Amino acid sequence: MDAAAAKQIMDKIIGQVFGYQNPLSLEQFQAKFAFDIRLPQQVYDSTTNEATWASSTNPAKFMTFENTVNKPDGYWERPKRPINSIQDILAYWQETNVMATERYLDSINVMESDDIRNAQNVYRSQDVEASKNIIFCDSIRPGCEYLGASQRCQSSVFSIRVEDSNQVSNSFSVNWSVKIANSFFIQDSANLQDCMFCSHLNSKQFYIANMPFEEEEYKRIKDMVIRWVLTS
């Protein structure tokens, strides 16, 4: 995984969701759509000074996960020393209390990410499990593919800004909803298809702002909305 491969994933997501060629760079996509997503931050390995990526920047010292596991046998052990106070324990602990970064388990093609498990093709994301083709995301659970700028979701594909939702496809800006397809700006809803700016609805199609529309009229307004999202 590199920036060029991440850009290809982003291009594919935008093309699928909006039906237009992607006009954004990776940096523009992050600023426009992932501005409030908790993402890995760049820190530095305390032993090599190489740049690395961590989901938490609170610890004082960092080391890449690869470097921590590749240390020789006995590296992390210390000879016994007297302990007469809590201060002694804390001082000794600081010698080995290094936060591991870029933690990837059973994953491939991962870049600038942390806490990635059983995943592939992941860029600038954290806490991703059993998913693939993920960019600028946090807390992604199994069954997700081609997601951008999303958090706390599961079993969703080809979508952007999905939050606290499941089974979302070909959609943009979906919050606290389930079984949403081909829809934009959905809140607290279920079983919607081809809907926009809807809240608290169930089992509807061609609704805008909770109002029913004919298919052709819906498509005309949808194109206007897409242009607004991509250019505003």
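We count residues from 1, following the sequence as given. Note that the structure is a prediction, hence the values are computed from the model and not measured.
- For residues 117-137, every residue pair satisfying the salt bridge (charged side-chain N to carboxylate O under 4.0 Å, His left out) rule, not counting sequence neighbours, is listed here: E112-R124, D115-R117, R117-D127, R117-E129, D127-R141.
- In this view, Q187 and N175 satisfy the side-chain hydrogen bond (donor to acceptor under 3.5 Å, both in side chains) rule, not counting sequence neighbours.
- Screening D2, L26, I134, I9 for a side-chain contact (heavy atoms from CB on, under 4.5 Å) involving Y123 leaves a single residue, L26.
- The backbone N or O of C195 sits less than 3.5 Å from a side-chain atom of Y218, completing a donor-acceptor pair.
- Among residue pairs with one or both ends in residues 222-231, those qualifying as salt bridge (charged side-chain N to carboxylate O under 4.0 Å, His left out) are D223-R227; sequence neighbours excluded.
- When the side-chain hydrogen bond (donor to acceptor under 3.5 Å, both in side chains) test is applied to Q16, the partners found at least two apart in sequence or on another chain are N170.
- A donor and an acceptor atom, one from each side chain of N133 and Q120, are nowhere located under 3.5 Å apart.
- For Q8, there are no side-chain contact (heavy atoms from CB on, under 4.5 Å) partners, not counting sequence neighbours.
- Scored by the side-chain contact (heavy atoms from CB on, under 4.5 Å) test, R152 finds S139, E163, D164 as partners (sequence neighbours excluded).
- Screening residues 10-30 for salt bridge (charged side-chain N to carboxylate O under 4.0 Å, His left out) gives K7-D11 as the qualifying pairs, with residues at least two apart or on separate chains.
- Of the inter-residue distances, the one linking Q154 atom CD with L147 atom CG reads 11.5 Å to the nearest 0.5 angstrom.
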Sequence neighbours left out, cut at 3.5 Å: what donor-acceptor pairs do the side chains of residues 204-212 make with other protein atoms?
unit_1 : atom_1 : unit_2 : atom_2 : d
Q205   : NE2    : D194   : OD2    : 3.0
N210   : OD1    : S199   : N      : 3.0
N210   : ND2    : S199   : O      : 2.9

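- In this view, Y44 and Q42, N49, A51 satisfy the side-chain contact (heavy atoms from CB on, under 4.5 Å) rule, not counting sequence neighbours.
- In terms of the side-chain hydrogen bond (donor to acceptor under 3.5 Å, both in side chains) criterion, residue partners of T101 (sequence neighbours excluded) are, by chain and number, T52.
- In this structure, the side-chain contact (heavy atoms from CB on, under 4.5 Å) partners of V178, at least two apart in sequence or on a different chain, are N166, Q167, A190.
- Linking ILVMFWY residues whenever their side-chain heavy atoms come closer than 4.5 Å, directly or via other members, places M111 and M10 in the same cluster.
- Not one N or O on the side chain of N97 forms a donor-acceptor pair closer than 3.5 Å with the backbone of W93.
- With sequence neighbours excluded, the residues forming a side-chain hydrogen bond (donor to acceptor under 3.5 Å, both in side chains) with E215 are K219, listed by chain and number.
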